[in-house]
Q: 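My questions all concern the structure below.
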Amino acid sequence: MKRALLLGAMLTMLIAACGSQAELEIADPWARTSATMQDAGAVYMTITGGDEADELTSATVASSVAAMAELHESAMTEGEGGTEMMMMQAVSSIPVPVDGDVALEPGGYHIMLMQLAEPLTEGSEFTVTLTFAKAGDIDVAVAVRDG
Amino acid sequence: MSRFETSLSMWRRLAGIAAVAALLAVGCGDDSPAGLTGIVREPAPDVGGVVLPDEANGGSDFATRAEPGRLLLVYFGYTSCPDICPTTLADLRTAVRGLGDDGDRVDVAIITVDPDRDVPERVADYIHAFFDDGHALRTEDQNQLAAAADKYGAAFEVTTTADGTIEVAHSAFLYVVDSGGRILVQWPFGTLSEDMQKDLEYLFAEGV
């Protein structure tokens, strides 16, 4: 009887351990302030992967923030004569490694906000819904600051 | 590869060697000035002859050379740029603020590479979001814009994709110009604001 109880307790612990597996985490979501007539903005953050590989497949914001949000990446390209140029391109997803970080940061991956409804002002905040292939939808509060 | 590219990469390499030499000197306990962290081109390109309408000043002509005792920072960019341009200009703002009183001796000008979308008020509004007295240089004359970029060794391409998306690629240097219209140093994208500040302090200490 005692043994059965112990076994039961152990099973419960195992199940609990399965339930508390490391989940994806988002740190420091922020966006830079925008000029009055600026129509585009960018959102940055660090995403830490959980126990399984995942990918960020899209991001959405309310129309009161911007008409559209897209996943973008800034990268170096070569122009005529080999001059290095920076350019931005849309990406279909951003991979999130197992137990590792992916940084959305200036000069790399970012969420581009298109047709801002109004300027992003210092100290304000808005919500971005991140959609992951496995983790599903996660809402994050994005802080607006100068840099 | 053009002659300019060859010399640019050569000077980058030399700049790298100079940086290593500076590090070595520091390592030896020599407290001579560390010099500049950015890219120095020799001979210094002369951009004082570049004159463009300044939309922050009613479209009057603006020559890209600093006033005596000051430095002019020039950037080729566009206002629909959400990542690279604002990051660079915000880092520059941090550097200029870090200069204290000498920050008042720095002027900033943006030259838009996307004049179609960047109407005059928009360019002025954009640079003023970062620098109250910033200059907004804009021309619809593509030849004039290309000639200006050529003087700086800057490159840009504006293309419209099949679905109508406008894509802009541009070289992302900040150029530091003196009152003689010469580029003293230029910083690639990703230069830390601390390094920008250090270079500006160095240039002011050397006497501009």
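Computation of the quantities below employed the complete heavy-atom set of this structure, encompassing side-chain atoms and omitting hydrogens, waters and symmetry-equivalent molecules. Below, read A as the first sequence line, B as the second, and so on, with proteins coming before strands; counting in each chain starts at 1.
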Q: Among the options A:Ser34, A:Gly107, A:Gly108, pick out the one with the most heavy-atom pairs lying under 4.5 Å from chain B.
A: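 Result: the option with the highest number of such pairs is A:Gly107.
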
Q: Between B:Ser60 and B:Asn57, do the side chains contain an N or O donor and an N or O acceptor separated by less than 3.5 Å?
A: yes

Q: Can you tell which part of B:Glu157 gets under 4.5 Å to a heavy atom of chain A, answering side chain, backbone, both or neither?
A: both

Q: For the side chain of A:Thr83 and the backbone of B:Ala155, is there at least one donor-acceptor N/O pair under 3.5 Å apart?
A: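 Between the backbone of B:Ala155 and the side chain of A:Thr83 there is no qualifying donor-acceptor contact (under 3.5 Å).
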
Q: Looking at A:Met37, A:His110, A:Gln89, which makes the most heavy-atom pairs under 4.5 Å with chain B?
A: A:Met37

Q: In terms of heavy-atom pairs under 4.5 Å with chain A, which of B:Thr87, B:Ile127, B:Thr79 leads?
A: B:Thr87

Q: For B:Tyr126, is it the side chain, the backbone, both or neither that has a heavy atom under 4.5 Å from a heavy atom of chain A?
A: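 When you check distances to chain A, atoms from both the backbone and side chain of B:Tyr126 fall under 4.5 Å.
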
Q: For the side chain to side chain contact (heavy atoms under 4.5 Å, CB included) test, which of A:Leu104, A:Asp54, A:Asp101 pairs with A:Ile47?
A: A:Leu104

Q: List the steps, then state whether salt bridge (Lys or Arg N to Asp or Glu O under 4.0 Å) holds for B:Asp178 with B:Arg65.
A: CA-CA 6 Å; B:Asp178 71 2; B:Arg65 87 171 75 88; over 6 Å; no

Q: Counting only heavy atoms closer than 4.5 Å, note whether B:Ser80 contacts chain A via side chain, backbone, both or neither.
A: both

Q: With distance as the sole criterion, is a donor-acceptor pair present between the side chains of B:Thr161 and B:Asp163 under 3.5 Å?
A: yes

Q: What part of A:Met112 gets within 4.5 angstrom of chain B, counting heavy atoms only: side chain, backbone, both, or neither?
A: side chain

Q: Out of A:Gly147, A:Ala90, A:Ser74, which one racks up the most heavy-atom pairs below 4.5 Å with chain B?
A: A:Ser74

Q: Can a salt bridge be assigned to the pair B:Asp125 and B:Arg122 using a cut-off of 4.0 Å between side-chain N and carboxylate O?
A: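 B:Arg122 and B:Asp125: not salt-bridged.
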
Q: Heavy-atom pairs under 4.5 Å with chain A: which of B:Ala90, B:Ser193, B:Ser171, B:Ala172 has the most?
A: B:Ser171

Q: Counting only non-hydrogen atoms closer than 4.5 Å, does A:Thr77 touch chain B with its backbone (N, CA, C, O), its side chain (CB onward), both, or neither?
A: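 The side chain, not the backbone.
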
Q: When only pairs under 4.5 Å are counted, which of A:Arg32, A:Met87, A:Gln38, A:Met88 shares the most heavy-atom pairs with chain B?
A: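 The residue among A:Arg32, A:Met87, A:Gln38, A:Met88 with the greatest pair count is A:Arg32.
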
Q: Output yes when B:Asp118 and B:Arg138 qualify as a salt bridge under the 4.0 Å nitrogen-oxygen rule, no when they do not.
A: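 Result for this pair is no, no salt bridge flagged.
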
Q: Answer with side chain, backbone, both or neither: which region of B:Arg117 has an atom nearer than 4.5 Å to a non-hydrogen atom of chain A?
A: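 Neither the backbone nor the side chain of B:Arg117 comes within 4.5 Å of chain A.
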
Q: Is it true that atom CD of A:Glu25 has more than 12 heavy atoms of other residues, nucleotides or ligands lying nearer than 6.0 Å?
A: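 For A:Glu25, atom CD is not crowded (no more than 12 foreign heavy atoms under 6.0 Å).
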
